[in-house]
A.B. asks: 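Okay, handing you the structure first.
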Amino acid sequence: GKKLKDVEISIPIVYGNIAFWLGKKASEYHSHKWTVYVRGSTNEELGQFIKRAVFQLHSSFNNPTRVVNSPPFELSESGWGEFEIAITIYFHSDICDKPLNLYHHLKLYPEDENSSMSTKKPVVVECYDEIVFPDPSEAFLARAQSH
Ligand code: SLL
């Protein structure tokens, strides 16, 4: 379709993880339950823009490449260790053909020594970012504005 010059669309996102320690239910290899996610910064529906998110987990997980084909773009697992998760975002074809790679270091354990592990207080680590699309298609701009 037609491209609009001198226009750009910026999509504010938040990506990161929340992790709960399992306390009495913790075992050696499953001490935490966690969820890694990509969401709109004010919880807007990212399914309008994003077609698929692929979360690449550590090789110690079964089937470490996890594909999420519809929103919410998140993945929950249990485990014991922290590692870097590569998140590949695929957009709808009228938005952008090139996928975007994000990297998030999964965090399970509280940072400061004073906050002891608790089953009630999760560890949350998030990043704010903006995905900027220069010269968007007319169809994309119309969708972004009705959004
Ligand atoms: C570390 N470099 O040594 C990291 C690796 C891997 C964590 C952490 C697997 C859980 C499962 C899991 O939590 N791996 O087996 O399902 O700290």
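Ligands are counted one by one from 1 in listed order, and the atoms in each one are counted from 1 as well. Being a predicted model, the structure only gives us computed values, none of them experimental. In what follows, residues are counted from 1 in the order of the sequence shown.
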A.B. asks: For atom 2 (N) of ligand 1, what is the nearest protein heavy atom, given as residue, atom name and distance?
C.D. replies: Glu82 O, 4.0 Å
A.B. asks: Counting only N and O atoms by type, is there a donor-acceptor contact under 3.5 Å from the side chain of Glu45 to the main-chain atoms of Gly47?
C.D. replies: yes
A.B. asks: Taking Val36's backbone N and O only, do any of them form a donor-acceptor pair with Ser76's side chain (distance below 3.5 Å, no angle check)?
C.D. replies: no
A.B. asks: For atom 3 (O) of ligand 1, tell me which residue out of Phe83, Trp34, Phe61, Trp80 has the closest non-hydrogen atom.
C.D. replies: Trp80
A.B. asks: Is there a heavy atom of His30 sitting under 4.0 angstrom from any atom of ligand 1?
C.D. replies: yes
A.B. asks: Students should be able to answer this: which protein heavy-atom is nearest to atom 5 (C) of ligand 1, and at what distance?
C.D. replies: His58 NE2, 3.5 Å
A.B. asks: Is Arg39 close to Pro72 at the side-chain level, that is, under 4.5 Å between some pair of heavy atoms?
C.D. replies: no
A.B. asks: Please identify which atoms of ligand 1 are closer than 4.0 Å to at least one heavy atom of Gly79.
C.D. replies: 10 (C), 13 (O)
A.B. asks: Looking only at N/O atoms, are Ser60 and ligand 1 under 3.5 Å apart anywhere?
C.D. replies: yes
A.B. asks: Would you call the rings of Trp34 and Phe83 parallel, tilted or perpendicular if under 30° counts as parallel and over 60° as perpendicular?
C.D. replies: perpendicular
A.B. asks: For Tyr109, is there any backbone N or O sitting under 3.5 Å from a side-chain donor or acceptor partner on Lys107?
C.D. replies: yes
A.B. asks: Parallel, tilted or perpendicular, judged at 30° and 60°: which one describes the rings of Phe140 and Phe49?
C.D. replies: perpendicular
A.B. asks: Under 4.0 Å from any heavy atom of Gly81, which atoms of ligand 1 are there?
C.D. replies: 7 (C), 8 (C), 13 (O)
